[in-house]
Protein chains: 2
Amino acid sequence: MEKKEDRRVTRTRRMLRQALVNLMREKPVSAITVRELCDACEINRGTFYAHYSDVSSLLTSIEEELFEKLQTMLAEISTREMLTQGRAGPAIVTLFEFLKENEDICRMLLCDNGDPAFIERVRAFVRTEVLSDWRQLFSDDGERQEYTLAFLVAGSLGLVQRWLDGGLETPPAGIAQMLTDFITKGVAVLR
Amino acid sequence: MEKKEDRRVTRTRRMLRQALVNLMREKPVSAITVRELCDACEINRGTFYAHYSDVSSLLTSIEEELFEKLQTMLAEISTREMLTQGRAGPAIVTLFEFLKENEDICRMLLCDNGDPAFIERVRAFVRTEVLSDWRQLFSDDGERQEYTLAFLVAGSLGLVQRWLDGGLETPPAGIAQMLTDFITKGVAVLR
DNA sequence: ATGTTAATAAACTGTCTGTTGATTATTTTT
DNA sequence: AAAAATAATCAACAGACAGTTTATTAACAT
């Protein structure tokens, strides 16, 4: 008694998701109407409402799928290993490889016309879950800890966004090592 | 032949700006209608259109004023001084003091329900103008430079956002020094 | 006090939303 | 292959908002 989803349902959802991804290349999600979404993939507007309550609900369903995968991979990253060894572990490389494989959807959600709420959600997860064990390693007081975390998480996300926007030219392993360097050793502008 | 602005015009603009600031505490600008904006400050809807073409145009006029000030202050920051002395110069402290004085509007624009486009604009300015002279100091190759810049700019902005969201408890000079540390020496998790 | 300019009130068209009911088409079941 | 079940379509609806316009009232500068 698992999954028997009507083919029509699958098709409708697939068409709508694809249409949204396409439209989000051009404009922010807040400027996309249910009408043009349905026109774009020739789905009846009434049918849309049989599946989603509004555009942002459709977007959320896409985000949910991606977030669950990201969550798993992010949790695998050993910050302790990163710090003690100074080298990018396999988990972080895997993450960047995943981002590359899902370039389309990742760029859509994380970059320019992306969803600020989703970005904030990722940011919050990284801050609380991934980097939480760092706190034990900190020699700073509590106040500075908070700012340090904010700086690192924002910087890391900025690096990822830059990588995605730049067409992913640098290989995953290279980016992973760079990020590890920045976090553990600073940016080393002066040598 | 300088400035003789009708008091009524001044009042109308002031009311609308204030109403937008208030509404943006609750929801993103994309969810704010001209109607509720006018209702909130008891301005006729027709009057709104005599001044602005839409909500985002009103927002832009607010942003423009802030951006010009930020631009000036950001340009004063000597990155070279920061790097060679390792201490926060007066310009960067002044910037944080300004942010504190304009807490309301800065939080509205830069934080949670802020305007992504405006944030991106600030980010771009810092990247191209403020940190441009850093390139000469870099000993890294061009590719790494780009990522370094992205990391630093995003991290710095994240730090500022965290400071604003946290109620600006840390004094401007303290935050300025912290940012300088992070940029020039890394976050120094391990000592 | 008067001419000028801004704000108001009210109306109108057009677009999008969210919902409904009747009909057609497709899928699944038997 | 026929029947039963379910999904998609079409058309129509009321409600909200966008922009624009016109006549009217109020505030302003001098």
Side-chain angles (χ1 to χ4, degrees), chain A residues 1-65 113 115-117, chain B residues 1-65 108 113 115-118:
Chain A
M1 54 198 78
E2 280 293 342
K3 38 181 159 182
K4 281 185 251 177
E5 196 177 52
D6 197 305
R7 287 191 215 163
R8 289 167 295 184
V9 173
T10 309
R11 177 181 177 276
T12 297
R13 298 222 169 106
R14 177 168 40 80
M15 301 290 272
L16 284 171
R17 288 157 79 107
Q18 189 56 52
L20 182 60
V21 172
N22 290 340
L23 284 174
M24 280 185 71
R25 286 189 229 281
E26 299 160 26
K27 45 176 137 181
V29 65
S30 56
I32 298 173
T33 71
V34 174
R35 264 201 149 81
E36 64 180 326
L37 197 54
C38 294
D39 285 351
C41 58
E42 288 166 306
I43 294 292
N44 190 275
R45 202 161 57 84
T47 306
F48 174 92
Y49 287 106
H51 294 274
Y52 308 99
S53 61
D54 50 30
V55 178
S56 95
S57 146
L58 165 59
L59 179 62
T60 299
S61 83
I62 300 177
E63 289 175 346
E64 198 53 42
E65 196 178 319
N113 277 340
D115 179 7
Chain B
M1 53 197 73
E2 280 293 342
K3 39 182 161 182
K4 282 185 255 176
E5 196 176 52
D6 198 308
R7 289 188 220 162
R8 291 166 294 182
V9 173
T10 308
R11 177 180 177 279
T12 298
R13 297 224 169 105
R14 178 168 40 81
M15 299 291 272
L16 284 172
R17 288 156 79 105
Q18 189 56 53
L20 181 60
V21 172
N22 290 340
L23 284 174
M24 280 186 72
R25 284 189 231 281
E26 298 161 24
K27 44 177 141 180
V29 65
S30 57
I32 297 174
T33 71
V34 174
R35 265 199 150 80
E36 64 180 325
L37 196 55
C38 294
D39 285 352
C41 58
E42 289 167 306
I43 294 292
N44 190 276
R45 204 159 56 85
T47 306
F48 175 92
Y49 287 106
H51 293 274
Y52 308 99
S53 61
D54 50 30
V55 177
S56 95
S57 146
L58 165 60
L59 179 62
T60 299
S61 83
I62 299 177
E63 290 175 345
E64 198 54 41
E65 195 178 320
M108 167 187 105
N113 277 341
D115 180 6
F118 183 72

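Fair warning: this is a prediction, and the values are worked out from it, not measured in the lab. Residue numbers begin at 1 in each chain, while the letters A, B, ... track the order of the sequences.
One atom, CZ of B:Phe48, and another, P of C:dA9, lie 17 Å apart when rounded to the nearest Å. The distance between atom CG of B:Leu37 and atom P of D:dA16, rounded to the nearest whole Å, is 19 Å. Between A:Glu5 atom CD and D:dA7 atom P there is a gap of 10 Å when expressed in whole angstrom units. The CG atom of B:Asp6 sits 11 Å away from the C1' atom of D:dA26 (whole-angstrom rounding). Taking atom CZ of residue B:Arg11 and atom C1' of nucleotide C:dA7, one finds them 9 Å apart after rounding to whole Å. Atom pair A:Asp39:CG and D:dT9:P shows a separation of 12 Å (rounding to whole Å applied). Atom CD1 of B:Ile32 is separated from atom P of D:dA18 by 11 Å (rounded to the nearest Å). Between A:His51 atom NE2 and C:dG18 atom P the separation is 16 Å, expressed in whole Å.
Side chain of A:Val34, nearest nucleotide from C:dG18, D:dA18, D:dA8: C:dG18. Each of C:dT27, D:dA18, D:dA8 was ranked by its minimum atom distance to the side chain of B:Thr33; first place goes to D:dA18. Between D:dA29, C:dA7, C:dG18, one nucleotide has an atom nearer to the side chain of B:Arg7 than all others, and that is D:dA29.
A:Val34 places a side-chain heavy atom less than 4.5 Å from the side chain of A:Tyr49. A:Ser56 has its side chain out of reach of A:Val29: every pair of non-hydrogen atoms, C-beta onward, lies at least 4.5 Å apart.
Side chain B:Asn44 to base C:dA9: a donor-acceptor pair is found below 3.5 Å. If you check distances only, the side chain of A:Arg8 never reaches the base of C:dT27 with a donor-acceptor pair under 3.5 Å.
Regarding contacts with the backbone of C:dG18, a side-chain N or O of A:Tyr49 is found under 4.0 angstrom from either OP1 or OP2.
If you run side chain to side chain contact (heavy atoms under 4.5 Å, CB included) between A:Leu23 and each of A:Val55, A:Asn113, A:Leu37, only A:Leu37 comes through.
Closest heavy-atom contact between A:Phe48 and A:Ser53: CE2-C, 4.4 Å. Between B:Glu36 and B:Ala31 the shortest heavy-atom distance is OE2-O, 3.3 Å.
Along DNA chain C, the nucleotide nearest to B:Arg35 and the one nearest to B:Thr12 differ in position, and the one closer to the 5' end is contacted by B:Thr12. Mapping B:Arg45 and B:Arg13 onto DNA chain C by nearest heavy atom places B:Arg13 closer to the 5' end of the strand.
Among the atoms of the strands shown, none is found under 4.0 Å from any heavy atom of A:Glu36.
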